[in-house]
Colleague: 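First, the structure itself, so that you have it in front of you.
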Amino acid sequence: FNLSTGFDLSTISTTSNSFSISSHTSYPNSLAVSDDGTKIFVGDDVNNRNIYEYSASTGWDASTISYSSTHHIANDLGGPAQGYLKDLVFSASGDKMYLINGSLSKILQYSW
């Protein structure tokens, strides 16, 4: 969707741009996008507790999105094997990621 005035939903218009994530997850529950719109992260708490990473060759243009990689929270990121991902967010600099583990009632911080 496009907004002719930022953050004003009364100025919304639709676009034909989209990217299907159905080959990776049927249960997306969280989304994080880098400030420049070139990195997209989708969390899945049902299948394997994965975070799917996508790239956009043109920032904020869904028609240019492509799949990059999959990160399993326990196996790849060292997070707890139990619990379900409920949301994810990155720090402004992108060097920290925070996840909400719903069943453990914890906020997990990852740094790199």
Colleague: Show your working on side-chain contact (heavy atoms from CB on, under 4.5 Å) between H24 and V42 and close with a plain yes or no.
Modeller: CA-CA 10 Å; H24 298 118; V42 176; over 6 Å; no

Colleague: Classify the angle between the aromatic ring planes of F41 and F90 as parallel (below 30°), tilted (30 to 60°) or perpendicular (above 60°).
Modeller: tilted

Colleague: Could you go step by step and tell me if I73 and L85 meet the side-chain contact (heavy atoms from CB on, under 4.5 Å) rule?
Modeller: CA-CA 9 Å; I73 293 170; L85 171 65; 3.9 Å; yes

Colleague: Which residues pass the side chain to side chain contact (heavy atoms under 4.5 Å, CB included) test with T5, not counting sequence neighbours?
Modeller: D8, T11

Colleague: What's the verdict on side-chain hydrogen bond (donor to acceptor under 3.5 Å, both in side chains) for Y110 and H71, showing C-alpha distance, side-chain angles and the deciding distance?
Modeller: CA-CA 13 Å; Y110 298 87; H71 309 279; over 6 Å; no

Colleague: With sequence neighbours excluded, what pairs up with S20 under the side chain to side chain donor-acceptor pair (under 3.5 Å) test?
Modeller: S22

Colleague: Who passes salt bridge (Lys or Arg N to Asp or Glu O under 4.0 Å) against K96, sequence neighbours left out?
Modeller: none

Colleague: Filter on salt bridge (charged side-chain N to carboxylate O under 4.0 Å, His left out), then keep only pairs touching residues 15-40, sequence neighbours left out; what's left?
Modeller: K39-E53

Colleague: So, using ring pair (Phe, Tyr, Trp, His ring centres under 6.0 Å) as the criterion, who are the partners of Y84 when residues are at least two apart?
Modeller: none

Colleague: Distance from R49 atom CZ to N101 atom CG, nearest 0.5 Å?
Modeller: 8.0 Å

Colleague: With hydrophobic residues grouped by side-chain heavy-atom distances under 4.5 Å, do Y52 and I21 end up in a single group?
Modeller: yes

Colleague: For G37 and V33, which heavy atoms make the closest approach, and how far apart are they?
Modeller: CA-CG1, 3.7 Å

Colleague: Please walk me through it: do L108 and L77 pass side-chain contact (heavy atoms from CB on, under 4.5 Å)?
Modeller: CA-CA 11 Å; L108 307 171; L77 301 177; over 6 Å; no

Colleague: Measure across D76 and T70 and return the closest heavy-atom pair with its distance rounded to 0.1 Å.
Modeller: OD2-O, 3.7 Å

Colleague: I'd like to check the side chain to side chain donor-acceptor pair (under 3.5 Å) partners of N29; sequence neighbours left out, ordered by chain and number.
Modeller: none

Colleague: Who pairs with S18 by side chain to side chain contact (heavy atoms under 4.5 Å, CB included), at least two apart in sequence or on another chain?
Modeller: none

Colleague: Tell me if the CG atom of L104 is crowded by more than 12 foreign heavy atoms within 6.0 Å.
Modeller: yes

Colleague: Identify the two heavy atoms, one from S55 and one from I40, that lie closest to each other, and give their separation to 0.1 Å.
Modeller: C-CD1, 4.4 Å

Colleague: Mind checking who shares a hydrophobic cluster with I12, ILVMFWY linked at side-chain heavy-atom distances under 4.5 Å?
Modeller: F1, L3, L9

Colleague: List the atom of Y54, the atom of Y67, and the distance in Å for their closest heavy-atom pair.
Modeller: CD2-CA, 3.5 Å

Colleague: Suppose we screen for side chain to side chain contact (heavy atoms under 4.5 Å, CB included). Which residues come up paired with N75, at least two apart in sequence or across chains?
Modeller: H72

Colleague: Atom CG of L31 and atom CG of L88: how far apart are they, to the nearest 0.5 Å?
Modeller: 7.5 Å

Colleague: Could you pull out all residues at least two apart from K106 that satisfy side chain to side chain donor-acceptor pair (under 3.5 Å)?
Modeller: none

Colleague: Run the side chain to side chain contact (heavy atoms under 4.5 Å, CB included) test against V89 and tell me which residues pass, sequence neighbours left out.
Modeller: Y98

Colleague: Side chain of T64, backbone of T58: donor and acceptor closer than 3.5 Å?
Modeller: yes

Colleague: Could you identify which residues cluster with F7, counting Ile, Leu, Val, Met, Phe, Trp and Tyr as linked when any side-chain heavy atoms lie under 4.5 Å apart, either directly or through a chain of such contacts?
Modeller: none

